[in-house]
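A short worksheet on the structure shown next.
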Amino acid sequence: MFPKMITQSAAKDWINRRRAQIRPWKNFVDQRRFSRPPNFGELCKRVTRNIEHFQSNYIFIFLGLILYCIITSPMLLIALAVFFGGCYIVYLRTLQSKMVLFGRELSTANQYGLAGAVSFPFFWLAGAGAAVFWVIGATLVVIGSHASFHAIEGDFEELQMEPV
């Protein structure tokens, strides 16, 4: 019924694959490669090709924005600590024995749901919903702007001027 947990080795493998596919940051932020697309067709072409080409860079920008949002919001940090603390307690309790609440045995999924329900008021007070939408909006603006204005790698040679 519930999806299987992601193993630590699978997560490490995914991160290592992403790291291996990162394009050089020097090319990513090279100002000479930025220009206004001449028409809408070129804009669409740039966006699709740049998202494919710089996908790993964009993922790390997204993760950086999430980290920035968490670090700059102390209340969100506390809410996350309460949630992960509750999950850790559930993990430790499941190793020892089953949890019984009101004469009923709770499954592991129910216990994690209870940890989420207990931490929900903290997330609500911390403005987690606003933080999520801020991260989504900032990511769309940053990635959308970069993908729109960054000249496609193959087309860059055509734009360079030859010395006279």
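In what follows, residues are counted from 1 in the order of the sequence shown. Remember, it's a predicted structure, so these values are computed and weren't measured experimentally.
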What's the separation between atom [atom1] in [X] and atom [atom2] in [Y], rounded to the nearest 0.5 Å?
| X | Y | atom1 | atom2 | result |
| --- | --- | --- | --- | --- |
| I61 | S56 | CD1 | OG | 11.0 Å |
| L92 | C87 | CG | SG | 11.5 Å |
| T139 | I59 | OG1 | CD1 | 11.5 Å |
| R33 | N27 | CZ | CG | 4.5 Å |
| Q96 | Y91 | CD | OH | 11.5 Å |
| L65 | I136 | CG | CD1 | 11.5 Å |

Would you confirm whether [X], through its side chain, and [Y], through its main-chain N or O, come within 3.5 Å as a donor-acceptor pair?
| X | Y | answer |
| --- | --- | --- |
| R23 | H53 | yes |
| Q111 | L106 | yes |
| S148 | S145 | no |
| S119 | F122 | no |
| S73 | I70 | no |
| H150 | D30 | no |

Do [X] and [Y] sit in the same hydrophobic cluster, where Ile, Leu, Val, Met, Phe, Trp and Tyr count as joined when their side-chain heavy atoms come under 4.5 Å apart?
| X | Y | result |
| --- | --- | --- |
| Y68 | L63 | yes |
| L67 | W25 | no |
| V132 | L125 | no |
| V142 | I51 | yes |
| F149 | L140 | no |

F28 pairs by ring pair (Phe, Tyr, Trp, His ring centres under 6.0 Å) with which of Y58, F34, F60? Y58
Closest contact, heavy atoms only, A115 versus V90: CB-CG2, 4.4 Å
Between A131 and L76, the two heavy atoms sitting closest are CB-CD2, 4.0 Å
Any side-chain heavy-atom pair of [X] and [Y] under 4.5 Å:
| X | Y | result |
| --- | --- | --- |
| I89 | R93 | yes |
| F83 | F120 | no |
| V135 | F62 | yes |

Chi angles and distances behind the side-chain contact (heavy atoms from CB on, under 4.5 Å) call for S35, E42: CA-CA 11 Å; S35 64; E42 179 67 23; over 6 Å; no
Applying side-chain contact (heavy atoms from CB on, under 4.5 Å) to L80 and F123, what does each step give before you reach the verdict? CA-CA 8 Å; L80 284 170; F123 282 115; 3.7 Å; yes
